[in-house]
> 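Provided herewith is a single structure, encoded as structure tokens, for subsequent inquiry.
Start at 1 and go down the list; that is how both ligands and their atoms are numbered. Residues take their numbers from the sequence shown, with the count starting at 1.
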Amino acid sequence: MTLNPPPPSQQTTPHSPPNRRVLIVGNYCHDVLIQNGSVVAETLGGAASFISNVLDSSSVSCELVSKVGRDFRYEVTHSPIVVLEKGTTVFEAYFDLGIDVIGHADRVLKRVSACDPILPSDIPDSRFDFGMAVGVGGEILPETLEKMVEICDVVAVDIQALIRVFDPVDGSVKLVDLRESGFFHILHRIGYLKASSDEALFMDVEQMKHMCCVVVTNGEKGCRIYHKDDETMVPPFVAKQVDPTGAGDSYLGGLVVGLVEGLAVPDAALLGNFFGSITVEHIGQPKFDLMMLQRVKEEVQRRKKQRNLSISHKNDQEEFHARLTPARFSCVDSPVQTELLVNGLSCDR
Ligand SMILES: Nc1ncnc2c1ncn2[C@@H]1O[C@H](COP(=O)(O)OP(=O)(O)O)[C@@H](O)[C@H]1O
Ligand SMILES: O=P([O-])([O-])O[C@@H]1[C@@H](O)[C@H](O)[C@@H](O)[C@H](O)[C@@H]1O
């Protein structure tokens, strides 16, 4: 069983079986978006919710393990475990406090309530093709990740599940170095590690890229893939940002959709950029347009066929990008979204 992927430029799965199974582990949460001292929106959050939205919309079959309290407000396709004596995890996102933990102007996140962690015994014992460890509020424990690498062929991890710590007084999110996270000894067994450019400062990319495939997202600039001696820049899609929440999560969803469909890693990362860019144009969960999804499916199949026939060449990702770009514009915003677009949640990215 190969857990570590080959270099991005070489990787492809020409005959990926249909219905590959994905396991998503991470708590749903309530997100409260605050600007100028007022609540501007309350939405369903948690990386697991954004990721399953992308996977479900792309017809990739997935199982989700998540915990919430009795106060959980949303109807979701994948039922969470309800912990009677706890509340749902809640994050407040402040868009006007200016500076985050490492000095960047960004949203400031506070975890104001935390549901229980996800234990190995909460995770089914069956096998999965792909696992995604995507906690937001400290719910993934080292033993949870250990179980995931046991039962999944390949595991993708969002570094935010591993390096976040929470201020005991106000719940502000702070980050610790990956080496001090308590997860470091398991990381040689994972396939993919995803970090935003701010989070990447808390790991040694040069070291990690020899253990797994590292993807570093960089907002409107797209992302970079590091694996062994390969480094690949993957271009972004132009977007009109309203709210950055969930961009990294939807990116990871798109990446995994691409991988399970059998795309090469850089092409799967381009699909990640695609779904990330749509997400920033919405407050909360984006509802993907059916025509857009159909077009994306067709382009993915076309791209796979090209690779299988070996008629694609090294620098032709531009063509895939150019063919996906018009698909974005088949998205139709609801009147509410359009209204919010005018105002937007500003944060300098
Ligand atoms: N303003 C933007 N314009 C276009 N694409 C964006 C924008 N912001 C984010 N994205 C896409 O979403 C991905 C993840 O966003 P990023 O902000 O880096 O992650 P996170 O939400 O984890 O901080 C980016 O790599 C990019 O592809
Ligand atoms: O915006 P992003 O970094 O991709 O991911 C976000 C998390 O950082 C945040 O803790 C959570 O409350 C949001 O719902 C979303 O999951």
> Does Tyr28 have its ring centroid less than 6.0 Å away from the ring centroid of Tyr74?
no

> For ligand 2, does Gln160 get within less than 4.0 Å through its side chain, its backbone, both, or neither, judged by non-hydrogen atoms?
side chain

> I'd like to check which ligand 1 atoms, numbered from 1 as shown, lie under 4.0 Å from a non-hydrogen atom of Thr217.
14 (C), 16 (P), 18 (O), 19 (O), 25 (O)

> Does a donor on one side chain and an acceptor on the other come within less than 3.5 Å for Ser196 and Asp198?
no

> In terms of atom number and element, which parts of ligand 2 are under 4.0 angstrom from non-hydrogen atoms of Cys29?
12 (O)

> Side chains of Ser59 and Lys297: any donor to acceptor distance under 3.5 Å?
yes

> Can a donor-acceptor pair be found between the side chains of Asp167 and Ser172 at a distance below 3.5 Å?
no

> Can you list the atoms of ligand 2 that are under 4.0 Å from a heavy atom of Phe91?
10 (O), 12 (O)

> Among all protein heavy atoms, pick out the one at the shortest distance from atom 8 (O) of ligand 2; state its residue, atom name and that distance to 0.1 Å.
Arg164 NH2, 2.7 Å

> Quick check: does any side chain N or O of Arg111 sit under 3.5 Å from a backbone N or O of Gly138, one acting as donor and the other as acceptor?
no

> Salt bridge or not between Lys67 and Asp116? Use side-chain N to carboxylate O under 4.0 Å.
no

> Counting heavy atoms only, which of Gly276, Ser197, Gly219, Pro236 comes nearest to atom 26 (C) of ligand 1?
Gly219

> Looking at Phe288 versus Phe275, is the centre-to-centre ring distance below 6.0 Å?
yes

> For the 3.5 Å polar cut-off, considering only N or O atoms, please tell me whether Tyr251 and ligand 1 meet it.
no

> Considering both backbone and side-chain atoms of Thr245, is one of its nitrogen or oxygen atoms within less than 3.5 Å of a nitrogen or oxygen in ligand 2?
no

> Under 4.0 Å from a heavy atom of Gly45: give me the atoms of ligand 2 that qualify, with their elements.
14 (O)

> For atom 15 (C) of ligand 2, grab the closest protein heavy atom and report residue, atom and distance to one decimal in Å.
Asp249 OD2, 3.2 Å

> How many angstroms lie between atom NZ of Lys194 and atom SG of Cys212, to the nearest 0.5 angstrom?
13.5 Å

> For Asp31, counting its heavy atoms only, list the atoms of ligand 2 lying under 4.0 Å from any of them.
11 (C), 12 (O), 13 (C), 14 (O)

> Looking at ligand 1, does any of its N/O atoms fall within less than 3.5 Å of an N/O of Gly248?
yes

> Name the option, out of Glu199, Lys194, Gln160, that contains the heavy atom nearest to atom 22 (O) of ligand 1.
Lys194

> Considering only heavy atoms, does Ala247 approach ligand 2 within less than 4.0 Å through its side chain, its backbone, both, or neither?
backbone

> Could you tell me, atom by atom, which parts of ligand 1 come under 4.0 Å of a heavy atom of Ser277?
4 (C), 5 (N), 11 (C)

> Judging by distance only, is a nitrogen or oxygen of Ser196 under 3.5 angstrom from one on ligand 1?
no

> Thinking salt bridges, do Arg302 and Glu319 make one under a 4.0 Å N-O criterion?
yes

> State the OG1-CD distance between Thr217 and Glu220, to the nearest 0.5 angstrom.
12.5 Å

> For Arg127, is there an ion pair with Asp153 - N to carboxylate O distance below 4.0 angstrom?
yes

> Of all the atoms in ligand 1, which lie at a distance below 4.0 Å from a heavy atom belonging to Asn218?
18 (O), 25 (O)

> Mark up the atoms of ligand 1 that fall under 4.0 Å of a heavy atom belonging to Ala239, in ascending order.
3 (N), 4 (C)

> Please report the interatomic distance CG(Asp267) to CG(Leu259), rounded to the nearest 0.5 Å.
10.0 Å

> Inspect the contact between Arg303 and Glu261 and indicate whether a charged nitrogen and a carboxylate oxygen are less than 4.0 angstrom apart.
no

> Can Arg107 be said to touch ligand 2, with heavy atoms closer than 4.0 Å?
yes

> Pick, from Asn273, Thr245, Val242, the option with the minimum heavy-atom distance to atom 27 (O) of ligand 1.
Asn273

> Which of the numbered atoms in ligand 2 are below 4.0 angstrom from a heavy atom of Gly248?
4 (O)

> Just to be sure I read this right, does ligand 1 sit under 4.0 Å from the backbone of Thr279, its side chain, both, or neither, counting only heavy atoms?
neither

> With backbone taken as N, CA, C and O and side chain as the heavy atoms from C-beta onward, which portion of Glu199 lies under 4.0 Å from ligand 2: side chain, backbone, both, or neither?
neither

> Of the side chain and backbone of Leu109, name the one, both, or neither that has a heavy atom under 4.0 Å from an atom of ligand 2.
side chain

> Should Asp125 and Lys147 be marked as a salt bridge (charged side-chain N to carboxylate O under 4.0 Å, His left out) after you check the CA-CA gap, both sets of side-chain angles, and the distance that decides it?
CA-CA 9 Å; Asp125 286 317; Lys147 166 114 183 214; 2.6 Å; yes

> Just which atoms of ligand 2 are under 4.0 Å from any heavy atom in Ala47?
16 (O)

> For atom 1 (N) of ligand 1, which of the options Gln241, Arg107, Lys221 provides the nearest non-hydrogen atom?
Gln241

> Atoms of ligand 2 less than 4.0 Å from Phe50 heavy atoms?
14 (O)

> Can a salt bridge be assigned to the pair Arg189 and Glu150 using a cut-off of 4.0 Å between side-chain N and carboxylate O?
yes

> Would you say Gly222 and ligand 1 have an N/O pair spaced under 3.5 Å apart?
yes

> Should the ring pair His321 and Phe237 be called parallel, tilted or perpendicular, given that the plane angle runs from 0 to 90° and is split at 30 and 60?
parallel

